[in-house]
Visitor: 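Take this structure first; my questions come after.
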Amino acid sequence: MRETHTVDAGDRLLRTQEVAAWLAVSKSTLVRWRQSFEGPDVYWLSEGVPRYRASDVERWLAGRSAARPRALRRVGARAGATR
């Protein structure tokens with residue numbers, strides 16, 4: 001008899017292409033985030049096989065909702081500058 005494993009949807013492992021589509025960014029953007037440690041946590045099944053846990057992507061995305069866009073940070077930084 002085969003053993004059946006159930007996986008919580010939040011623990012589902014997603015491919016780079018799936019996460020990029022979910023976040024509406026290119027795969028290269030997701031790769032750049034991964035290389036600079038800016039994106040969601042990544043798990044390496046083996047060399048060249050990255051996977052993302054859905055719950056980690058959701059948590060990362062929720063944390064980004066409070067972040068200000070880069071352009072606004074620059075404008076805010078200049079607002080206090082004197083000439």
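It should be emphasised that the depicted structure is a prediction, and the values quoted were computed from it without experimental measurement. Basis for what follows: all heavy atoms, side chains included, without hydrogens, waters or symmetry-related copies.
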Visitor: I want to check something: taking the side chain as every heavy atom from C-beta on, are Trp33 and Leu23 in contact at a cut-off of under 4.5 Å?
Guide: yes

Visitor: Given the rule that I, L, V, M, F, W and Y join up when any side-chain heavy atoms are under 4.5 Å apart, are Tyr43 and Val49 in one cluster?
Guide: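 Each belongs to a different hydrophobic cluster.
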
Visitor: Would you call Asp41 and Arg53 a salt bridge, using N to O less than 4.0 angstrom?
Guide: no

Visitor: Only counting residues at least two apart or in another chain, list the ones meeting side chain to side chain contact (heavy atoms under 4.5 Å, CB included) with Gln17.
Guide: Arg15, Lys27

Visitor: Going by atom types only, do Thr16 and Arg51 share a side-chain donor-acceptor pair under 3.5 Å?
Guide: no

Visitor: Rounded to the nearest 0.5 Å, what's the gap from CG on Asp56 to CG on Asp11? Could you check?
Guide: 8.5 Å

Visitor: With a 4.5 Å limit on heavy-atom distance, are the side chains of Trp22 and Val57 in contact?
Guide: yes

Visitor: With side chains defined as the heavy atoms from C-beta onward, is the minimum distance between Arg12 and Glu18 less than 4.5 Å?
Guide: yes

Visitor: Taking only residues two or more places apart in sequence, or in another chain, which ones meet Ser26 in a side chain to side chain contact (heavy atoms under 4.5 Å, CB included)?
Guide: Ser28, Thr29

Visitor: Give me the atom names and distance for the closest heavy-atom approach of Pro40 to Tyr52.
Guide: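 Result for this residue pair: O-CE2, 3.8 Å.
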
Visitor: In terms of hydrophobic clustering (I, L, V, M, F, W, Y; side-chain heavy atoms under 4.5 Å; direct or indirect links), are Leu14 and Val25 co-clustered?
Guide: yes

Visitor: Within the side chain of Trp60, is there an N or O that forms a donor-acceptor pair under 3.5 Å with the backbone of Glu38?
Guide: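 Indeed, once roles are kept as given, a pair shorter than 3.5 Å links the two residues.
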
